[in-house]
Amino acid sequence: MPTPVVPGSSGTSAPAAQAKPPAPSQVQARKSLPSWEGGDAPMSPQAAQRIVSDVVVQSPDADPAARALLSQQALNRFNPALRRRIQQALLEIYADDPAYMEAYREVTMPLSDNIVGPITLSWLNRFWFEFKMAPVSNLSDASVAALLRFAAIVKAHPEWKADLISAELGRWIDGFEAQDKARYYQIRLGGTDEQILAMLRLYHYDSDNNRSASPDPDSALLNIFSYSLSADDFKLLAAKSTVLAKLSALQDVVYLNEPLFDAAVLDALKELGPDAHNYLPIARVAALQQSYHLTLDNLQQLREGGVPEDILAALEALTATTYPNQAAFSEAVLDATPSVKSSIDPHMGAIIDAADTSNIYILNARALAELGANRRNEAVPQVILDMLKGLQGLEYANQWLFDKAVMARLRQGIGACPGGMAGNAALGRKISSQQMEQLARAIADPALFAQLDKLWKATSCSKIDELSMPQQIEALYIPFRASIRATARKHPAYDPAKQVRWNGNGCGCVLDELNGDVYGIYPFWHAGKLQQVDFSILSRIGYYGATFDDSGTLRQANDNRDFVRAIQNGNEFVKVARRHQTAIDWIIQRNDWRSWSRMNKGAKETVLRELSTNIVELMSIQLNGWDTRLSSQLPQWASFRPANGDGVTLLFDGYPSDDVSVAAFYGFIRELRQRLLDADLGDSVNVMMRNSAIGHGVYSYDKLSEMIQLAAKDYGNSLWDRLERGHRQALPRLLVLLEEETTESKKQLRLRAEDALHGEDRAQLLRRVVPVITFDNDNWQQLEDDIIYFKDNFGGIGFWTMPIIPPGPPPSEASAKNETVAALRAQLAPGRVPDCVQTQDISTCIGDYYQVNPGASTSPVCKTVCENLFAFRVATRLSFLFLLGCALAYYGSCRWREIMKRYRHIPALVLFALWFLLSLAMLFCDPFLHWLASGYMIPIFLVLLIVALIVWYQYQLKQKDEQP
């Protein structure tokens with residue numbers, strides 16, 4: 001918690017009782033003010049502390065108007081202009097909140113009807129609650145003025161909005177003592193520019209490296225979102241600048257149905273080509289109106305309902321007009337009845353319900369203003385897109401990772417505080433001086449550009465620059481963040497007809513000498529096409545597509561069908577991976593826990609117990625094929641695992657951190673692991689989390705360390721237990737989604753663990769951590785650096801998404817590349833391998849830098865044996881049984897002995913040679929036997945030689961005995 005500040009003099013003024021918002025000229029002047037009295041120099045924490053200390057907390061009794069509460073009915077007596085300002089202020093504050101926008105777009109338009117009704121008042125209550133204003137059950141002039149002033153602040157400084165309305169800032173303020181907490185809330189609500197900047201400076205200085213990221217705001221139960229930018233997305237982001245101008249040509253034109261409106265929009269945006277279709281949904285939402293028309297029949301109905309005659313007489317003037325929406329109709333009703341004696345408020349709902357309605361589409365000024373005000377429709381300057389072009393085609397698991405990747409690219413484009421080794425591709429992404437001029441025009445913020453220009457010109461950073469640089473890069477991103485996020489956010493559809501189709505193409509099995517796990521994540525929406533996978537460098541693959549509901553039933557994400565039933569006819573890929581000795585995990589994802597908070601302890605445990613049952617059922621699905629059915633009848637040493645997968649990985653993003661939920665989570669893991677072990681259905685229960693989440697809440701280091709230790713006790717350490725597990729790692733993996741830039745985040749990941757744990761606990765936990773990265777297929781030097789760092793400090797490396805070999809170049813080009821790499825290897829000293837920059841292949845890079853013996857490869861014989869392991873195991877055992885039968889027949893049957901002599905024992909020699917060759921192949925190539933034989937090759941061959949000598953000697957003695 002920050003050190004409490006000392007109170008000083010006031011920096012805010014009392015809100016006006018008339019609830020007047022700041023004038024537009026004041027707002028414009030606010031934009032041109034310097035960030036603080038220090039000019040362009042970054043504000044130090046000490047300076048920020050002094051500024052905040054000069055603020056005197058204003059007593060709640062200082063403003064008499066704060067005690068003068070107004071009723072909802074009285075507020076609706078305010079002139080329509082003020083009511084409109086209140087609703088526009090709420091829109092400015094909560095425009096990025098999905099729940100607010102959903103209510104805003106309802107056909108009854110409760111948040112834009114110029115009436116402060118129950119829904120508007122509920123959002124006002126939320127605003128008062130979040131900003132610790134009282135009261136929260138009614139309305140005062142002072143609270144209205146505070147709302148309007150705060151809306152003016154976030155409109156003038158959009159780069160502050162995300163912080164000022166965030167729950168994280170509220171929690172940070174709540175950590176202070178009462179006096180200091182009141183001071184910070186006062187600054188947050190209506191402080192000067194300098195005071196707000198100082199508060200945010202202290203907030204970021206204190207919490208950037210300590211707080212965990214909250215779940216994405218667009219998280220939803222049973223849904224998975226992905227973030228990526230395609231080539232079409234970049235075109236769309238660049239074209240948004242022309243959209244509003246083209247749609248303005250349709251202003252106030254009424255379309256009676258959706259097809260007519262769609263045709264008009266597509267015609268107006270025809271220059272965008274197919275991208276024009278992307279604007280139809282948001283244009284429909286903005287243009288959809290419910291027109292209102294009051295007829296004489298409606299008035300008669302109201303008369304029968306008890307509406308006073310003086311009101312009905314005033315309303316007769318409205319029967320000649322059709323109003324395009326409820327807001328216009330309501331305002332007309334209020335304007336028509338200002339002088340009637342009866343109160344209109346009790347009858348407003350009945351009047352609106354009685355009017356005839358119909359749906360129309362009209363892009364009026366309000367709709368166009370909404371489209372223009374929504375940051376999601378804002379065009380992104382070309383210079384920003386140039387800095388982000390390296391993200392094209394990359395996928396990120398959530399919005400947090402995507403935002404970090406965008407800001408990393410912006411930082412590299414500015415060249416801010418450069419780091420990394422020589423040859424790092426990030427060093428070559430710095431924009432030119434001409435592009436910096438374009439950037440200055442694009443952001444139109446001289447103070448921010450001066451700071452960015454200083455970073456662009458500098459070749460290194462001071463400690464103060466390193467502290468302030470992230471906020472400056474984020475300020476560059478914020479004006480375009482909503483637009484970029486909305487374009488990148490994808491909601492992939494599930495198609496049961498698209499199956500996972502993998503082909504190893506002779507890659508062999510997983511390399512035996514990998515330094516740790518190589519974990520690949522395969523999202524369900526990648527299925528459909530035949531894909532070539534190099535299984536030799538993938539020890540485990542996690543299938544990403546399962547989630548679960550509030551009953552604990554596994555569901556297919558984005559489709560809601562039963563996941564266990566859905567996967568029964570689509571699990572052939574499990575067999576393909578097993579053929580290459582690559583394990584398959586099922587990633588169970590959930591990121592929406594709102595309903596969880598309403599459950600008691602017993603209900604939470606019941607949900608997780610049912611989830612455990614569903615996972616066991618999923619793993620129990622029989623794989624198809626004769627070999628699987630035959631293998632399931634053989635003992636473990638003669639078969640491969642018949643289970644539908646090898647383990648599960650739990651991605652419970654944003655899981656609650658209360659004691660009951662944490663205890664239920666770890667109890668669930670223990671029960672699930674034991675049930676899987678008892679049924680021989682897998683050997684590991686892993687957890688996946690963000691880098692910012694590890695060490696906090698349910699993923700605290702103590703809890704994770706305890707989980708690893710308990711898992712170790714569940715597995716025997718006898719020789720047979722070790723043989724049963726073979727080379728597989730049974731302890732849980734801690735997969736950590738690592739944000740960019742990895743050159744910094746990977747070090748923070750290790751340092752936090754080192755500070756939290758000691759001795760064997762620390763070593764054991766770090767060896768279970770598997771950082772998961774998104775590789776951009778460009779910065780090969782950074783990939784090499786990451787692999788080496790992960791090898792030295794963690795237990796593996798993960799890829800989101802897993803490497804898929806793209807359709808190869810023409811054979812001549814591929815052959816030339818292979819010859820080049822071979823020539824490079826020939827020139828290097830023994831034990832040395834080429835740089836990843838030279839090979840530019842993920843499989844080669846992992847094989848070179850993530851093996852005990854760098855660059856070691858599998859022989860063609862072992863690739864063949866391992867890919868057909870079950871057939872070779874059966875053939876080896878059958879040949880041995882035939883050889884044994886031949887030997888028994890030789891000693892027990894004179895006739896068989898005569899036959900063998902006649903053919904000079906050739907049948908027995910052939911069988912022996914076949915069995916011997918197969919045994920050698922299995923000894924060197926079977927992962928099970930290879931692990932067993934490690935370090936015992938010489939004793940094994942000595943035993944075999946002694947046995948052969950004894951048999952030969954016995955045979956010679958028998959020959960002598962038979963001689964006359």
Side-chain angles (χ1 to χ4, degrees), residues 216 218-234 236 274 277-278 281 391-402 405 485-503 519-533 538 540-549 554-574 576-577 582 584-592 618 645 648-651 653 688 735 737 772-777 798-807:
D216 297 341
D218 56 3
S219 62
L221 188 64
L222 306 182
N223 283 270
I224 285 177
F225 296 94
S226 175
Y227 289 80
S228 62
L229 290 172
S230 64
D232 291 338
D233 291 334
F234 275 93
L236 182 62
H277 289 271
N278 296 324
L391 297 179
Q392 181 176 319
L394 305 182
E395 288 189 16
Y396 293 90
N398 53 48
Q399 181 179 288
W400 176 73
L401 287 171
F402 176 75
R485 279 178 178 174
T487 305
R489 178 177 177 267
K490 305 296 190 296
H491 187 249
Y494 172 73
D495 185 352
K498 293 182 177 180
Q499 302 291 320
V500 180
R501 301 169 59 206
W502 290 337
N503 176 24
Y519 200 106
I521 288 90
Y522 186 87
F524 72 87
W525 57 89
H526 284 196
K529 297 180 180 179
L530 181 64
Q531 297 163 320
Q532 184 177 342
V533 179
L538 288 169
R540 298 186 86 88
I541 296 175
Y543 180 85
Y544 182 61
T547 182
F548 64 96
D549 59 22
L554 284 174
R555 299 289 182 184
Q556 169 62 51
N558 302 357
D559 183 80
N560 202 30
R561 71 182 64 199
D562 188 293
F563 183 78
V564 178
R565 304 284 85 78
I567 210 66
Q568 278 183 333
N569 297 320
N571 60 350
E572 188 65 24
F573 67 93
V574 177
V576 175
T582 297
I584 292 292
D585 282 349
W586 302 102
I587 299 179
I588 313 298
Q589 179 268 2
R590 178 162 168 162
N591 58 13
D592 188 339
L618 170 66
V648 294
T649 295
L650 307 175
L651 176 53
D653 196 23
M688 184 184 295
L735 292 111
L737 298 172
V772 179
I773 64 174
T774 298
F775 178 55
D776 61 6
N777 294 298
F799 291 93
W800 190 297
T801 59
M802 71 181 229
I804 299 291
I805 300 176

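Annotation: Y396 is not in aromatic contact with Y227 [ring centroid separation under 6.0 Å not met]. Here Y522 and F573 keep their ring centres 6.0 angstrom or further from each other.
Applying the salt bridge (charged side-chain N to carboxylate O under 4.0 Å, His left out) test to every pair with at least one member in residues 492-502, sequence neighbours left out, gives no pairs at all.
The side-chain contact (heavy atoms from CB on, under 4.5 Å) search around R561 returns Y494, P496, Q556, D559, A566, not counting sequence neighbours. Residues that satisfy the side-chain hydrogen bond (donor to acceptor under 3.5 Å, both in side chains) test with N571, not counting sequence neighbours, are N644. With sequence neighbours left out, the ring-ring contact (aromatic ring centres under 6.0 Å, His included) criterion links F234 to no other residue. Scored by the side-chain contact (heavy atoms from CB on, under 4.5 Å) test, L221 finds D550, R590, D592 as partners (sequence neighbours excluded). Take D562 and apply the salt bridge (charged side-chain N to carboxylate O under 4.0 Å, His left out) test, not counting sequence neighbours, and it matches no residue. Here Q589 pairs with nothing under the side-chain hydrogen bond (donor to acceptor under 3.5 Å, both in side chains) rule; sequence neighbours left out. For N560, the side-chain hydrogen bond (donor to acceptor under 3.5 Å, both in side chains) test picks out no residue, with sequence neighbours left out. Considering only residues two or more places apart in sequence or on other chains, Y519 meets the ring-ring contact (aromatic ring centres under 6.0 Å, His included) condition with none of them. Remark: Y544 engages W800 in a ring-ring contact (aromatic ring centres under 6.0 Å, His included) (not counting sequence neighbours). Qualifying side-chain contact (heavy atoms from CB on, under 4.5 Å) partners for A577, counting only residues two or more places apart in sequence or in other chains: W502, F535, T582, I584. Annotation: side-chain hydrogen bond (donor to acceptor under 3.5 Å, both in side chains) contacts of H277 (sequence neighbours excluded): none.
With a 4.5 Å cut-off on side-chain heavy atoms, L394 and S228 do not count as touching. Two residues are said to be in side-chain contact when any heavy atoms from C-beta on lie closer than 4.5 Å; Y543 and I587 fail this criterion. Counting heavy atoms from C-beta outward, D585 and I541 have side chains that stay 4.5 Å or more apart. Counting heavy atoms from C-beta on, the side chains of L737 and N398 come closer than 4.5 Å. When side chains are defined from C-beta on, Q399 counts as touching R485, because their heavy atoms get closer than 4.5 Å. When side chains are defined from C-beta on, L229 does not count as touching Q392, because their heavy atoms never get closer than 4.5 Å.
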Practice task
Show your reasoning for whether side chain to side chain contact (heavy atoms under 4.5 Å, CB included) applies to L735 and T649.
Solution key: CA-CA 9 Å; L735 292 111; T649 295; 3.8 Å; yes
Practice task
For side chain to side chain contact (heavy atoms under 4.5 Å, CB included), just list the numbers for L651 and I588, CA-CA rounded to whole Å, side-chain angles, deciding distance to a tenth of an Å, and then say yes or no.
Solution key: CA-CA 6 Å; L651 176 53; I588 313 298; over 6 Å; no
Exercise for the section: Walk me through it: do Q532 and I804 pass the test side chain to side chain contact (heavy atoms under 4.5 Å, CB included)? Expected result: CA-CA 6 Å; Q532 184 177 342; I804 299 291; 6.0 Å; no
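With values rounded to the nearest 0.5 angstrom, H526 atom NE2 is found 11.5 Å from I521 atom CD1. Note that CG of L650 is 8.5 Å distant from CZ of F548, once rounded to the nearest 0.5 Å. From E395, atom CD reaches atom OG of S230 across 10.5 Å, with rounding to the nearest 0.5 Å. Between the CZ atom in F524 and the CD1 atom in I567 there is a gap of 11.0 Å [rounded to 0.5 Å]. To the nearest 0.5 angstrom, N558 atom CG is 9.0 Å from L222 atom CG. A distance of 9.5 Å separates CD1 of I805 from CG of N503, quoted to the nearest 0.5 Å.
Ring planes of F563 and W586: perpendicular class, angle over 60° (limits at 30 and 60°).
Scanning both residues, G645 and V574, for their nearest heavy atoms gives N-CG1, 3.8 Å. Among all heavy-atom pairs drawn from T547 and A557, the shortest one is CG2-CA, 4.0 Å. A pairwise comparison of heavy atoms in I224 and P492 identifies O-CD, 3.6 Å as the closest pair.
With K490 contributing its side chain and A488 its backbone, the two residues share a donor-acceptor pair below 3.5 Å.
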